Every structure is written in C-alpha cells, then in structure tokens.
Amino acid sequence: MRFAVISDIHANLEALTEVLGAIEGQKVDRVVSLGDIVGYGASPNACCDLVRSVAEVTLLGNHDAAVAGRMDYSFYYEGARHALDWSAQILTEENHAWLRSLPYTYRVGEIGFCHGSPVDPRAYEYVFALEQARELVPAMEDLAEVTFIGHSHLCKAFALGNSEERRRRPEIRFPSRVPVPHLGGERRPAARLRQPCLLRRL
C-alpha cells in the first residue's frame with residue numbers, strides 16, 4: 001500500500017494545490033493528513049474542503065484544535081493568535097464540526113501517524129532533532145515500526161535502534177527499529193522553511 005502524507009497546510013491553498021497535483025501522478029492508495037489545516041494562511045475553508053475531499057484520514061493539529069475550541073492558545077504569540085481568531089470567525093459551521101471531530105492519532109498495522117510526538121499526542125510536543133527523537137526510545141515497544149510526524153515544518157527522518165540512532169533523509173528504506181519520518185510543511189513555500197515534500201513508504 002502506498003501512502004501520500006501531507007501536513008501543516010496552514011490555510012495555504014496554493015501550496016496545497018501544488019502538492020495534491022504532485023500526488024495525483026504517484027498512484028497512491030491512501031492520503032493521510034497529519035493536521036494543521038488552518039492557521040496563518042488566507043484560505044482556511046477552501047483548504048478544509050479540499051483536504052476533506054482527498055484525505056481518507058485527517059488528524060487534529062494544534063492549530064486545528066485551537067480553532068475548534070479543543071485547546072487553549074492564549075500563550076501563542078500575537079500573530080498566531082490573531083490568525084486563529086480570524087480563522088475561527090470565518091470557518092463554516094460544517095468545517096468547525098469537522099475539526100472538532102478529528103482524532104489525534106491513526107495507525108495502519110505497523111505504520112503510525114500523529115501531528116506531534118506520538119508519546120503524548122495531545123501535548124503537541126515537537127521532534128526537531130535527534131535529542132527529541134531519543135525521547136521516544138522508552139516508548140518504542142508501543143510505537144509503530146514507522147511513525148509519521150508533522151508539526152515542526154521540517155523534513156527529516158530518524159531511525160532509532162538498539163545500538164543505532166541516526167538522522168536520514170526521507171524516501172529511503174529504514175532498516176532499523178522505529179523510523180520516524182518527519183514531514184515538511186506547506187504553509188510558506190517561498191520562505192526559509194523547507195520546500196513542500198511528498199513522502200512514501202517503499
């Protein structure tokens with residue numbers, strides 16, 4: 001089975017459209033969204049509608065949770081709070097209800113999906129670097145063989161094993177225990193963040 005995994009769209013319709021166009025030629029079996037459909041960008045409704053139409057499963061990102069009233073975001077920086085307030089005001093009731101219904105995690109056999117760290121998905125902890133990836137080791141027995149994570153807007157992959165911990169680029173075979181592919185975001189393709197990326201399980 002081939003998965004297309006998208007994440008951190010943040011209401012950027014133009015980037016989302018480009019990524020979905022790339023996915024069309026990949027003959028994937030299932031599209032999974034790791035969340036953060038809204039926040040920052042100008043097209044929250046259009047992005048929600050489009051993701052709902054193509055993704056078999058969408059997870060609840062922290063920005064989605066904030067807009068849906070499922071978390072407190074008063075501690076977010078001012079620009080993010082304004083974007084979330086505005087998104088909450090213009091979202092249709094249908095899209096509000098959809099965001100309120102989203103799960104925190106998803107798993108298909110030995111492939112897991114979550115927005116932040118899989119150890120406590122409701123906490124939305126980041127996995128930026130190997131130091132954070134090592135914190136997953138005590139929970140390895142409960143994690144899927146491969147776990148896809150969004151949230152940081154970085155494109156990385158960590159392979160954690162009994163005596164081997166290393167960072168590797170995506171779209172490779174992972175020989176070690178509990179690989180953690182880490183998706184780049186789609187919200188600012190022209191900024192210093194990584195370009196949108198498409199990951200696949202080989």
Side-chain angles (χ1 to χ4, degrees), residues 3-26 28-106 113-116 121-122 124 126 148-155 170 181-200:
F3 290 89
V5 185
I6 60 177
S7 185
D8 296 279
I9 296 158
H10 288 297
N12 186 335
L13 181 61
E14 292 76 18
L16 174 60
T17 301
E18 288 295 319
V19 168
L20 293 180
I23 288 172
E24 284 182 4
Q26 299 297 316
V28 302
D29 301 296
R30 190 175 300 182
V31 177
V32 177
S33 168
L34 302 184
D36 270 3
I37 313 304
V38 302
Y40 300 117
S43 306
N45 278 307
C47 288
C48 285
D49 293 341
L50 190 50
V51 171
R52 289 171 62 192
S53 72
V54 299
E56 180 170 314
V57 174
T58 298
L59 304 182
L60 184 75
N62 55 302
H63 285 254
D64 307 323
V67 168
R70 293 176 61 177
M71 70 172 288
D72 172 35
Y73 61 95
S74 61
F75 60 94
Y76 281 21
Y77 71 91
E78 185 177 7
R81 292 198 311 272
H82 285 316
L84 292 169
D85 290 342
W86 176 79
S87 297
Q89 290 172 8
I90 70 163
L91 272 180
T92 65
E93 180 51 42
E94 186 177 15
N95 283 328
H96 266 293
W98 177 63
L99 292 178
R100 288 194 296 267
S101 73
L102 297 180
Y104 289 96
T105 62
Y106 177 57
F113 304 86
C114 55
H115 186 69
R122 295 171 184 256
Y124 295 113
Y126 287 97
F148 288 92
I149 300 173
H151 198 26
S152 77
H153 305 181
L154 301 175
C155 185
H182 201 292
L183 290 159
E186 295 153 33
R187 75 177 172 102
R188 293 190 210 158
R192 64 189 182 91
L193 296 171
R194 275 51 173 184
Q195 293 180 344
C197 61
L198 174 67
L199 280 80
R200 59 182 180 174

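Heavy atoms only: backbone and side chains are in, while hydrogens, waters and symmetry mates are out. Not measured: the values here are computed from a predicted model.
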Return the minimal non-hydrogen interatomic distance between [X] and [Y], and the atom names on each side.
X	Y	value
Cys47	Ile9	SG-CG2, 3.9 Å
Ala55	Thr58	CB-OG1, 3.6 Å
Gly61	Tyr124	O-OH, 3.4 Å
Ala88	Val67	CA-CG1, 3.8 Å
Ala66	Tyr73	CB-CD2, 3.3 Å
Gly116	Cys114	O-SG, 2.9 Å

So among His151, Arg122, His63, which one has a side-chain hydrogen bond (donor to acceptor under 3.5 Å, both in side chains) with His115?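 Result: among His151, Arg122, His63, His151 is the only option passing the side-chain hydrogen bond (donor to acceptor under 3.5 Å, both in side chains) with His115.
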Rounded to the nearest 0.5 Å, how far does [atom2] of [Y] lie from [atom1] of [X]?
X	Y	atom1	atom2	value
Ile149	Leu34	CD1	CG	9.0 Å
Leu20	Ser53	CG	OG	7.5 Å
Leu16	Ser43	CG	OG	9.5 Å

Check whether the ring centres of Phe3 and Phe113 lie less than 6.0 Å apart, and answer yes or no.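 Phe3 vs Phe113: aromatic centres under 6.0 Å.
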Any side-chain to backbone donor/acceptor pair from [X] onto [Y]? Under 3.5 Å, distance only.
X	Y	value
Asp64	Ile37	yes
Arg70	Leu60	no
Asp36	Ser7	no
Asp8	Gly150	no
Asn45	Asn95	no

Can Val32 and Phe148 be said to form a side-chain contact (heavy atoms from CB on, under 4.5 Å), step by step? CA-CA 10 Å; Val32 177; Phe148 288 92; over 6 Å; no
Mind checking whether Leu91 and Cys48 have side chains closer than 4.5 Å, heavy atoms only?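 They are in contact (side-chain heavy atoms under 4.5 Å apart), so the answer is yes.
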Heavy-atom side-chain proximity of Trp98 to Val51 below 4.5 angstrom: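 Yes; the side chains approach each other to less than 4.5 Å.
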Can you run down the salt bridge (Lys or Arg N to Asp or Glu O under 4.0 Å) pairs that involve residues 73-98, sequence neighbours left out, and say none if there aren't any?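 Qualifying pairs: Arg52-Glu94, Glu93-Arg100.
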